[in-house]
Undergrad: 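Have a look at this one.
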Amino acid sequence: MSSKKTIESVYELVLKRNPGETEFHQAVREVLDSLVPVLEENPQYVDGRILERIVEPERVLMFRVPWLDDSGKVQVNRGFRVEFNSAIGPYKGGLRFHPSVYLGIIKFLGFEQVFKNSLTGLMMGGGKGGSDFDPKGKSDNEVMKFCQSFMTELCKHIGPDTDVPAGDIGVGGREIGFMFGQYKRIRNEFTGVLTGKGLNWGGSLVRTEATGYGLVYIVDELLKEKGQSFDGKTVVVSGSGNVAIYATEKVQQLGGKVVAMSDSNGYIYDAQGINLATVKQIKEVERKRIKEYTTIHKSAKYTEGCNGIWNVKCDIALPSATQNELDAAGAKALIKNGCVCVAEGANMPTTPDAAELLIENKVAFLPGKAANAGGVAVSGLEMAQNSQRYAWTFERADAELKNIMVNIYKNISQASEKYGAKGNYIVGANIAGFVKVADSMLNQGLV
Ligand code: NDP
């Protein structure tokens, strides 16, 4: 059978076995389509039925999460953990608490995580979990009760050498703390079973900055290869959350000028360069809208609606807010204005047609799987520090992060070239992530 036919038959199998899970189908399709040249050169992957195995999670856990709300009423949510692939390390990936969560979303994220974690070069397999619980509008007491009930079941399946969850949407320091406390209480052990922990009880320095800094480090490496740097470049960063704020901080440290940022209501443009201290005060401390920026910096301009941000002229664009925020119209505006690089800080912020347009027009496009891997990379470093029972300095963790991002760039760049798609980093990231996992699966026999 030809490689294309093998891929089609695997995809048909995924559709049949996972009905209605559209996000999972989409994620599988994107990865499989990149793998044609790899299968042609490596028949052992086809003979070993690696594709059929890699699209099937090793274990899917689904469980009832009952808890009492503040009025004493019983509430019931559904919990998930998909342990997707452990070929290169313990399962690793976040927990998402959001009403939209169902099995298809968790499978899609878990599948992506397998390749992202592989790209970091660390010993981390892929997994993802969560619940349809919505922490928004709940009291601290209700969030604690939910987290304790959720962990009462999850603790039977995870462990520092088995499966190490972290945060994701709706799961921050507060939720990680409640879950860690319950795990410790039931298991009577203090281990690095979760990452994203508080600095006093096993967390890592640089975790807060990791995704944003990592994003800028990988772009910097790409620029270096072209004989350029951030110095003097104009940059647009969408969002004003964790990723956006620390991406902006690092761009400014490297001499670049960030002129626009956004939130879900609109965007600000400051020709002088964004004052990050003001943005941190508004978003991290006061939790207000980005619009407030213009009351302090009178020369800055606020525009209602966030999509228009891509019309701002820039050399580099870093979409770091949410999925599908950069569409074909946005891509056309960036191309017209001479943008040379788009790197995804968020997960899937660029629509497929926008990514295609950017690549066709020779804009260097770094997909999230590679570009935002800094977050999980520092989670991996948190695991290493927990195993050592030792906390590294900020400088050491930051240097390790930088090294990891530089290596990711080299690996995806080499993979794209080796398989005839030089400069297509989507193909490069999928292939480089896949090969390491596939080879490890073959080494370990039929498991
Ligand atoms: P935050 O919740 O801290 O911030 C998200 C930001 O995006 C907020 O400023 C939010 O605005 C804004 N936003 C939401 N929707 C839109 C929109 N339609 N247009 C413009 N802005 C919008 O999240 P993070 O920064 O942590 O995450 C951002 C993305 O990065 C997500 O896709 C996440 O999955 C991904 N990611 C994050 C990692 C991490 O370590 N944090 C690691 C890897 C990926 P508002 O204030 O109005 O809500």
Side-chain angles (χ1 to χ4, degrees), residues 23 92-98 100-101 105-106 108-109 112-113 115-117 119-120 128 130 135-136 166-173 175-176 195-196 203-204 206-215 218 236-249 260-268 274 276 279-280 282-293 302-310 312 317-327 330 343-351 366-382 401 405 408:
E23 297 83 358
K92 178 95 198 86
L95 297 170
R96 178 174 288 192
F97 292 170
H98 192 270
S100 65
V101 164
I105 295 251
I106 301 294
F108 135 61
L109 291 164
E112 289 276 300
Q113 197 80 46
F115 306 99
K116 187 187 288 191
N117 292 1
L119 286 173
T120 67
K128 198 86 189 186
K136 273 209 184 111
D168 188 69
I169 293 173
V171 180
E175 290 77 13
I176 293 288
T195 59
S204 175
V206 190
R207 178 61 191 88
T208 305
E209 297 84 356
T211 309
Y213 278 21
L215 174 67
I218 196 169
V236 165
V237 181
S238 65
S240 46
N242 173 263
V243 179
I245 284 177
Y246 292 97
T248 299
E249 184 165 288
M261 291 181 85
S262 59
D263 65 14
S264 51
N265 291 114
Y267 70 93
I268 47 166
I274 295 283
L276 191 59
V279 174
K280 281 188 180 178
I282 295 169
K283 300 304 284 188
E284 289 186 336
V285 182
E286 297 169 11
R287 301 197 178 274
K288 287 191 180 158
R289 312 311 304 158
I290 197 79
K291 189 180 179 179
E292 299 291 321
Y293 185 92
Y302 174 75
T303 308
E304 195 70 23
C306 31
N307 289 355
I309 195 170
W310 310 119
V312 175
L318 305 175
S320 305
T322 190
Q323 60 271 12
N324 296 327
E325 50 162 324
L326 169 51
D327 60 10
E344 295 186 322
N347 281 320
M348 229 169 56
T350 316
T351 60
L366 290 168
K369 209 175 272 157
N372 70 32
V376 74
V378 175
S379 278
L381 302 180
E382 184 175 327
L401 167 66
M405 298 312 296
I408 292 178

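Residue numbers count from 1 along this sequence. First listed ligand is number 1; within each ligand, the first listed atom is number 1. Nothing here was measured: the structure is a model prediction, and the numbers come from that model.
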Undergrad: Between the side chain of Lys283 and the main-chain N/O of Lys288, is any donor-acceptor distance below 3.5 Å?
TA: yes

Undergrad: Taking Ser320 for its side chain and Leu318 for its backbone only, find out whether a donor-acceptor pair lies under 3.5 Å.
TA: yes

Undergrad: What atoms of ligand 1 come within less than 4.0 Å of a heavy atom belonging to Arg207?
TA: 40 (O)

Undergrad: Atom 28 (C) of ligand 1: which of Ala321, Pro319, Ala166, Ser264 has the nearest heavy atom?
TA: Ala321

Undergrad: Look at the side chain of Glu382 and the backbone N and O of Gly196, then say whether any donor-acceptor pair between them is shorter than 3.5 Å.
TA: yes

Undergrad: Taking Arg289's backbone N and O only, do any of them form a donor-acceptor pair with Glu292's side chain (distance below 3.5 Å, no angle check)?
TA: no

Undergrad: When rounded to the nearest 0.5 angstrom, what distance separates CG in Leu109 from NZ in Lys116?
TA: 8.5 Å

Undergrad: Do any heavy atoms of Ser238 fall under 4.0 Å from ligand 1?
TA: no

Undergrad: Counting only heavy atoms, tell me which of Gly345, Gly375, Ala373 gets closest to atom 36 (N) of ligand 1.
TA: Gly345

Undergrad: Is Ser262 reaching over with its side chain to a backbone N or O of Gly239, donor-acceptor style, under 3.5 angstrom?
TA: yes

Undergrad: Tell me which protein heavy atom sits closest to atom 39 (C) of ligand 1, plus the residue, atom name and distance to 0.1 Å.
TA: Thr211 OG1, 3.3 Å

Undergrad: Within the protein, is there a heavy atom lying under 4.0 Å from atom 47 (O) of ligand 1?
TA: yes

Undergrad: Using non-hydrogen atoms of the residue, decide whether Asn265 is closer than 4.0 angstrom to ligand 1.
TA: no

Undergrad: Heavy-atom contacts under 4.0 Å between Lys288 and ligand 1: side chain, backbone, both, or neither?
TA: neither

Undergrad: List every atom of ligand 1 that sits less than 4.0 Å from any heavy atom of Ser320, numbering the atoms from 1 in the order shown and giving each element.
TA: 28 (C)

Undergrad: Just wondering, more than 12 heavy atoms not from Lys291 lying within 6.0 Å of its NZ?
TA: no

Undergrad: Can you report which non-hydrogen protein atom sits closest to atom 37 (C) of ligand 1, along with the distance?
TA: Val243 CG2, 3.6 Å

Undergrad: Taking only heavy atoms of Asn372, which atoms of ligand 1 are found under 4.0 Å from at least one of them?
TA: 43 (C), 44 (C)

Undergrad: Suppose I only count heavy atoms of Ser262 and a 4.0 Å limit; which atoms of ligand 1 are within that range?
TA: 20 (C), 21 (N)

Undergrad: Closer than 4.0 angstrom: is that true for some heavy atom of Lys283 and an atom of ligand 1?
TA: yes

Undergrad: Students should be able to answer this: which protein heavy-atom is nearest to atom 23 (O) of ligand 1, and at what distance?
TA: Asn242 N, 4.5 Å

Undergrad: So which protein heavy atom does atom 6 (C) of ligand 1 come closest to, and at what separation?
TA: Gly241 N, 3.8 Å

Undergrad: I need the atoms of ligand 1 closer than 4.0 Å to a non-hydrogen atom of Thr322, numbered in the order shown.
TA: 15 (N), 16 (C), 17 (C), 18 (N)

Undergrad: Any donor and acceptor pair, going by atom type alone, linking the side chain of Trp310 with main-chain N or O of Glu325 inside 3.5 Å?
TA: yes

Undergrad: Could you tell me the residue and atom name of the protein heavy atom closest to atom 33 (C) of ligand 1, and the distance to it rounded to 0.1 Å?
TA: Asn347 ND2, 4.1 Å

Undergrad: Could you list which atoms of ligand 1 come closer than 4.0 Å to a heavy atom of Ala346?
TA: 29 (C), 30 (O), 32 (O), 35 (C)

Undergrad: Atoms of ligand 1 less than 4.0 Å from Cys306 heavy atoms?
TA: 17 (C), 18 (N), 19 (N), 20 (C)

Undergrad: For a quick check under 3.5 Å, do Asn347 and Asn372 share a side-chain donor-acceptor pair by atom type?
TA: yes

Undergrad: Counting only heavy atoms on the protein side, is anything nearer than 4.0 Å to atom 19 (N) of ligand 1?
TA: yes

Undergrad: Does Arg289 come within less than 4.0 Å of ligand 1, judged by its heavy atoms?
TA: yes

